[in-house]
Amino acid sequence: GIASLGFNTKLMPIKCGSDNWNNGGTRGIFRGYEGLMYAAENGADIINCSWGGPGYNPAEQEIINSIVDMGVLIVASAGNATKNIDEESFYPAGFNNILCVGSIQKNSRKSGFSNYGIRTDIYAPGSSIYATLPSNKYGNKSGTSMAGPVAAGLAALIKAIHPDWTPHQIAAQMRSTTDPVSNVSTDDKPKYFGKINT
């Protein structure tokens, strides 16, 4: 019922949430970093993280580093609080060696809800994205959690063309060939445009 970017790619859904999340169960991501490692150890080339929250943990940074050393690109959503994620912690997007994705609208302007900052590497469509919903339904959803998978799909396309490229090469290709975010002044560009942090 839906489609996005991708060619010669496969999906590996990793479940890290409660079975009854939508029926009064505990909300949140449990063992998310273990899930990342599981995906990497089972052949994933690109991992999308449409989740995050506050709290830096050096052990989690080490997991990220190990996964990237395995040749896997991790894409993480920037978050939906309209904050500069360099001043307000948000992880995994704020970790080093992550491709951090903010959200843009159809007019290429930053979505009003999207976090931003020097760690935000690129922006992808994340406003009013047609998607699956619980209870076998469809509808439009907005958020950087919608933008992350679009960027991950593009990364998968690049990996399909260049299977020998490293995560940093894929991320650099994406950053260097994207269109600029509209309506951003020269003075404000440092707030919006980041780079892969190593």
Side-chain angles (χ1 to χ4, degrees), residues 11-18 21 26-104 110-111 113-126 141-156 158-159 166-172 174-175 178 191-198:
L11 296 178
M12 182 194 307
I14 306 296
K15 185 174 180 295
C16 297
S18 170
W21 199 37
T26 303
R27 295 178 67 91
I29 301 295
F30 306 100
R31 302 185 189 277
Y33 294 90
E34 290 91 333
L36 298 182
M37 185 58 76
Y38 176 88
E41 290 176 341
N42 285 276
D45 293 310
I46 313 294
I47 298 175
N48 176 67
C49 302
S50 285
W51 50 273
Y56 174 82
N57 184 327
E60 292 167 354
Q61 178 67 77
E62 287 301 316
I63 292 171
I64 297 292
N65 294 346
S66 296
I67 291 170
V68 173
D69 287 345
M70 295 167 66
V72 180
L73 174 65
I74 301 174
V75 177
S77 300
N80 306 324
T82 66
K83 294 180 179 179
N84 183 331
I85 61 172
D86 303 306
E87 298 169 1
E88 301 284 339
S89 63
F90 190 81
Y91 300 97
F95 283 126
N96 293 336
N97 294 313
I98 292 282
L99 181 71
C100 176
V101 183
S103 174
I104 56 168
K110 184 181 80 65
S111 301
F113 53 78
S114 181
N115 282 351
Y116 59 93
I118 194 67
R119 286 190 180 267
T120 308
D121 296 289
I122 61 171
Y123 293 80
K141 298 291 284 184
S142 295
T144 59
S145 290
M146 306 306 287
V150 174
L154 177 57
I158 296 169
K159 184 70 174 179
T166 69
H168 291 293
Q169 286 175 305
I170 295 169
M174 293 172 68
R175 288 192 65 253
T178 55
K191 297 178 185 176
Y192 288 93
F193 304 109
K195 60 181 176 59
I196 287 290
N197 300 286
T198 56

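Any value given below was found using the heavy atoms of this structure, including those in side chains, with hydrogens, waters and symmetry copies removed. None of these values were measured; they are calculated from a predicted model.
Looking at S103, its side chain never comes within 3.5 Å of a backbone N or O of T144 through a donor-acceptor pair. In this structure, the side chain of S111 does not engage the main chain of S114 through any donor-acceptor pair within 3.5 Å.
For the atom pair CD1 (I29) and CD1 (I14), the distance works out to 12.0 Å, reported to the nearest 0.5 Å. Between atom OG of residue S145 and atom CG of residue N80 there is a gap of 6.0 Å, rounded to the nearest 0.5 Å. The distance from the CG atom of L11 to the CD1 atom of I46 is 12.0 Å, given to the nearest 0.5 Å. Here I67 contributes atom CD1 and L36 contributes atom CG; the two are 4.5 Å apart, rounded to the nearest 0.5 Å. Summarising the geometry, atom CE belonging to M37 is positioned 11.5 Å from atom CG belonging to N42; distances are rounded to the nearest 0.5 Å. In this structure, the separation between CD1 on I158 and CD on Q169 is 11.0 Å, given to the nearest 0.5 Å.
A search for side chain to side chain donor-acceptor pair (under 3.5 Å) contacts involving D45 returns nothing, not counting sequence neighbours.
The minimum heavy-atom distance between R175 and D121, with the atom names listed, is NE-O, 3.6 Å. Across every non-hydrogen atom of N48 and A152, the tightest pair is CB-CB, 3.9 Å. In terms of heavy atoms, I47 sits closest to A39 at CD1-CB, 3.9 Å. Heavy atoms only, all atoms of each residue included: L73 and A171 are closest at CD1-CB, 4.3 Å. Nearest heavy atom pair, residue S142 against residue F113, reads CB-CE2, 3.8 Å. Contact record, A78 with A93: CA-CB, 4.0 Å, taken as the closest heavy-atom pair.
Using a 4.5 Å heavy-atom threshold, the side chains of I85 and T120 count as touching. Taking 4.5 Å as the limit, every side-chain heavy atom of F95 sits out of range of all side-chain heavy atoms of C100.
For residues 57-71, the side chain to side chain donor-acceptor pair (under 3.5 Å) pairs, not counting sequence neighbours, are Q61-N65, N65-N97. The stretch residues 29-39 participates, sequence neighbours left out, in no side chain to side chain donor-acceptor pair (under 3.5 Å) pair at all.
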Any chance you could lay out the side chain to side chain contact (heavy atoms under 4.5 Å, CB included) test for Y116 and N84, step after step, and finish with the verdict? CA-CA 5 Å; Y116 59 93; N84 183 331; 3.7 Å; yes

